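Written out below as structure tokens is the structure these notes cover.
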Amino acid sequence: QVQLVESGGGLVQAGGSLRLSCAASGRFFGINAMGWYRQAPGNQRELAATITSGGRTFYADSVKGRFTISRDNAKGTVYLQMNSLKPEDTAVYYCSANTIVRLSDRPLEVWGQGTLVTVSS
């Protein structure tokens, strides 16, 4: 069973920074793309950023220039550095990993439990 454990959320003032981490554990062969999604109260979950196993990144327009996604393939960990935070960044942040459990199986999309980020004005 593959699990993702997130950490790093919390309360920060507008203009501040936070760094989220998400580590994969369990038995798996490898991980393809990893990503961070967020869900604000009353809204649908939306993509914030993704990164391929080769390091290619994609950002939503709303976070471009302020957030940086990175990963450590050896550790199965993905990070999200969030700078210049705004109150509208307040949400539960979820990490995801497209995981190869066994080569004979299709990749499995695994989700973390979420970590709350609150940005005060």
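Here the structure is a predicted model, which is why all the values come from computation and not from measurement.
- Tracing side-chain contacts under 4.5 Å through hydrophobic residues (I, L, V, M, F, W, Y), one never reaches Met34 starting from Ile100; they form parts of separate clusters.
- Listed by first and then second residue, the disulfide (SG to SG under 2.5 Å) pairs involving residues 37-81 amount to none (not counting sequence neighbours).
- Without hydrogens or angle criteria, Asn73 side chain to Ser53 main chain gives a donor-acceptor distance under 3.5 Å.
- For residues 70-81, there are no salt bridge (charged side-chain N to carboxylate O under 4.0 Å, His left out) pairs, not counting sequence neighbours.
- Pairs engaging residues 25-77 under the disulfide (SG to SG under 2.5 Å) rule: none recorded [sequence neighbours left out].
- The shortest heavy-atom contact between Leu4 and Gln113 is O-OE1, 3.4 Å.
- Minimum heavy-atom separation, Ile31 to Ala97: CG2-CB, 3.9 Å.
- The hydrophobic cluster containing Phe58, built from Ile/Leu/Val/Met/Phe/Trp/Tyr side-chain heavy atoms closer than 4.5 Å, also comprises Tyr37, Leu47, Val92, Tyr94, Trp111, Leu116.
- Screening residues 80-121 for disulfide (SG to SG under 2.5 Å) gives Cys22-Cys95 as the qualifying pairs, with residues at least two apart or on separate chains.
- Between the Thr115 side chain and the Gly9 main chain, a donor and an acceptor come within less than 3.5 Å of each other.
- Under the side-chain contact (heavy atoms from CB on, under 4.5 Å) criterion, Ala33 pairs with no residue, sequence neighbours left out.
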What pairs of donor and acceptor atoms, side-chain ones from residues 79-87 against any protein atom, are under 3.5 angstrom apart with sequence neighbours left out?
unit_1, atom_1, unit_2, atom_2, d
Gln81, NE2, Asn83, OD1, 2.9
Asn83, OD1, Ser17, OG, 2.9

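- Legend: salt bridge (charged side-chain N to carboxylate O under 4.0 Å, His left out) pairs involving residues 33-61, not counting sequence neighbours, sorted by first then second residue: Arg38-Glu46, Arg38-Asp89, Asp61-Lys64.
- Remark: Arg102 engages Asp105 in a salt bridge (charged side-chain N to carboxylate O under 4.0 Å, His left out) (not counting sequence neighbours).
- Annotation for Leu11: hydrophobic cluster partners, listed by chain and number, are none (ILVMFWY side-chain heavy atoms under 4.5 Å, direct or chained).
- For Val2, the side-chain contact (heavy atoms from CB on, under 4.5 Å) partners two or more places apart in sequence, or in a different chain, are Phe28, Thr99, Val101, Val110.
- Shown here are the side-chain contact (heavy atoms from CB on, under 4.5 Å) partners of Thr57, two or more places apart in sequence or in another chain: Ile51, Tyr59, Ile69.
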